[in-house]
Amino acid sequence: MRNPATLRESLTSDTALILYVALARLALQLWPNALGGYGYFRDELYYLACADHLDAGYVDQPPFSIWVLSIVRFLFGDSLFALRLLPAILGAGVVFLAGYIARLLGGGRSAQMLAAIGTAISPILLGFSSIYSMNALDVLFWSLTACAAILLVQTRDPRYWLLLGFTVGIGALNKIGMLWFAAGLGAGILFTSHREWLRTRWPYLAGGIALACFLPYVIWNAAHGFPHIEFIRNAVAGKYAGLTPLSFLRDQLLIHHPVAIPLWGSGLFFLLASRTTPSYRFLGVAIL
């Protein structure tokens with residue numbers, strides 16, 4: 001039997017507190033879906049249709065989220081609750097990882113809680129984890145990649161490069177936007193003292209792993225005349241035509257909740273001004 005003092009300490013630890021925030025977010029997301037929610041979102045019907053035709057790629061997305069959905073349907077069916085269970089769990093996971101990343105960066109209990117709560121109330125992240133789409137997986141892979149990069153810098157253990165390559169590769173097989181983050185991390189390493197890694201074999205092994213994970217979608221596109229490039233070209237010319245750098249930056253202030261601006265704004269400043277050892281400036285560069 002566990003010592004009551006030890007149990008109480010475990011239940012009030014930093015890990016437990018950020019886990020409570022993540023579980024509260026999970027309950028918040030599952031509750032309306034348990035009551036029926038607002039019905040299927042149109043994109044979810046498209047995802048379900050794609051899951052009926054498993055392939056190595058689709059015109060408007062890589063295949064990983066569809067493969068995952070086919071497993072979800074096999075295990076739980078395609079009810080609304082079953083469909084949205086995984087996004088809700090992944091959203092809670094992102095909340096927990098936000099608190100954990102704050103800890104990795106040297107934040108105490110308050111910093112970890114603020115990071116978790118700020119992530120939990122982000123409107124865009126609430127939206128991503130309210131319906132099934134590649135976006136719920138995408139945010140998780142970005143968070144895992146950030147964790148792997150921080151641990152690499154902290155521990156100097158080159159094996160974290162392999163984890164980094166895997167999270168980038170599977171993340172890109174889920175949504176090609178991961179390649180933007182990978183490019184940002186590459187720039188962050190190139191323009192900071194961490195460029196010394198480039199004289200080792202590890203970054204290139206990571207790149208090879210990422211390419212191997214993403215290769216099925218490249219091959220599928222090549223075999224079908226690169227339809228995803230055409231899809232992106234049409235999207236840029238159509239629904240994204242009115243998007244400007246200024247409107248993009250303005251939207252960042254809104255979609256993550258204006259209340260959270262001091263949190264992520266000061267966090268970005270901390271990263272860019274980092275003079276600690278190890279330095280986390282590379283991550284600030286990546287975010288920019």
Side-chain angles (χ1 to χ4, degrees), residues 13-15 17-19 21-22 90-120 122 125 137-172 174 177-207 209-210 213 256 260 263-288:
S13 66
D14 292 355
T15 298
L17 291 177
I18 58 177
L19 180 60
V21 177
L90 297 180
V94 170
V95 170
F96 182 84
L97 284 172
Y100 179 65
I101 288 172
R103 181 190 305 173
L104 289 178
L105 295 174
R109 174 171 294 193
S110 297
Q112 294 171 45
M113 289 292 289
L114 282 171
I117 293 171
T119 303
S122 168
L125 297 184
L137 289 155
D138 185 47
V139 179
L140 180 72
F141 281 121
W142 279 53
S143 303
L144 290 172
T145 300
C147 279
I150 294 168
L151 289 168
L152 169 67
V153 167
Q154 284 186 347
T155 65
R156 303 292 298 170
D157 185 344
R159 289 174 295 182
Y160 279 110
W161 275 109
L162 306 182
L163 177 60
L164 200 61
F166 182 75
T167 57
V168 167
I170 298 299
N174 172 69
M178 169 58 80
L179 299 179
W180 284 110
F181 191 31
L185 286 173
I189 290 170
L190 181 63
F191 295 121
T192 63
S193 60
H194 300 302
R195 71 176 68 91
E196 63 184 0
W197 278 109
L198 299 177
R199 294 194 290 270
T200 73
R201 70 182 186 275
W202 295 101
Y204 309 103
L205 286 173
I209 291 172
C213 293
H256 292 295
L263 294 178
W264 65 259
S266 59
L268 179 58
F269 176 81
F270 163 80
L271 292 174
L272 292 172
S274 175
R275 297 187 182 277
T276 59
T277 302
S279 171
Y280 301 110
R281 189 175 300 164
F282 80 99
L283 196 55
V285 173
I287 291 169
L288 289 178

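Summarising the geometry of L198 relative to Y204, their closest heavy-atom pair is O-OH, 2.7 Å, with the distance given to 0.1 Å. Nearest heavy atom pair, residue P278 against residue V153, reads CB-CG1, 3.2 Å. The minimum heavy-atom distance linking T192 with G188 is given by the pair OG1-O, 2.6 Å. Across every non-hydrogen atom of Y160 and A148, the tightest pair is CB-O, 4.0 Å. When all heavy atoms of A172 and L179 are compared, the closest pair comes out as CB-CD2, 3.8 Å. A pairwise comparison of heavy atoms in A111 and A102 identifies O-CB, 4.0 Å as the closest pair.
Judged by distance alone, with hydrogens and angles left aside, the side-chain atoms of R281 form no donor-acceptor pair with the main-chain N or O of L271 at under 3.5 Å. At least one donor-acceptor pair under 3.5 Å links the side chain of T200 to the backbone N or O of W197.
Using a 4.5 Å heavy-atom cutoff, the side chains of L140 and L144 are in contact. Within the 4.5 Å cutoff, no side-chain heavy atoms of T119 are placed close to those of L97. Put simply, the side chain of V95 does not reach to within 4.5 Å of the side chain of L125, judged on heavy atoms.
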Kindly indicate, with the supporting measurements, whether the criterion side-chain contact (heavy atoms from CB on, under 4.5 Å) is fulfilled by L185 and L283. CA-CA 7 Å; L185 286 173; L283 196 55; 4.1 Å; yes
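Annotation: salt bridge (charged side-chain N to carboxylate O under 4.0 Å, His left out) contacts of R156 (sequence neighbours excluded): E196. Taking L19 as the reference, L23, F96 meet the side chain to side chain contact (heavy atoms under 4.5 Å, CB included) condition, with sequence neighbours excluded. Partners of A182 according to the side chain to side chain contact (heavy atoms under 4.5 Å, CB included) rule, which considers only residues two or more places apart in sequence or in another chain, are V168. For the side chain to side chain contact (heavy atoms under 4.5 Å, CB included) test, residues two or more places apart in sequence or in another chain that qualify with I209 are L162, F166, C213. The salt bridge (charged side-chain N to carboxylate O under 4.0 Å, His left out) test applied to R201 returns no partner, not counting sequence neighbours. Under the side chain to side chain contact (heavy atoms under 4.5 Å, CB included) criterion, R103 pairs with D14, T15, I18, Y100, Q112, not counting sequence neighbours. Residues satisfying the side-chain hydrogen bond (donor to acceptor under 3.5 Å, both in side chains) test with S143, not counting sequence neighbours, are none. Judged as a salt bridge (charged side-chain N to carboxylate O under 4.0 Å, His left out), and not counting sequence neighbours, D138 has no contacts.
Screening residues 265-288 for ring pair (Phe, Tyr, Trp, His ring centres under 6.0 Å) gives H194-F282 as the qualifying pairs, with residues at least two apart or on separate chains. Listed by first and then second residue, the salt bridge (charged side-chain N to carboxylate O under 4.0 Å, His left out) pairs that reach into residues 157-172 are D157-R159, sequence neighbours excluded. Pairs of residues two or more places apart, or lying in two chains, that qualify as side chain to side chain donor-acceptor pair (under 3.5 Å) and include a residue from residues 161-170 are T145-T167.
Interatomic distance, I150 CD1 to I101 CD1, rounded to the nearest 0.5 Å: 5.0 Å. To the nearest 0.5 Å, the span separating CH2 on W142 from CD1 on I287 amounts to 9.5 Å. The structure places OG of S279 at 10.0 Å from CG of L272, a figure rounded to the nearest 0.5 Å.
Between H256 and W264, the ring planes are perpendicular. Angles over 60° get that label, and only those under 30° would be called parallel.
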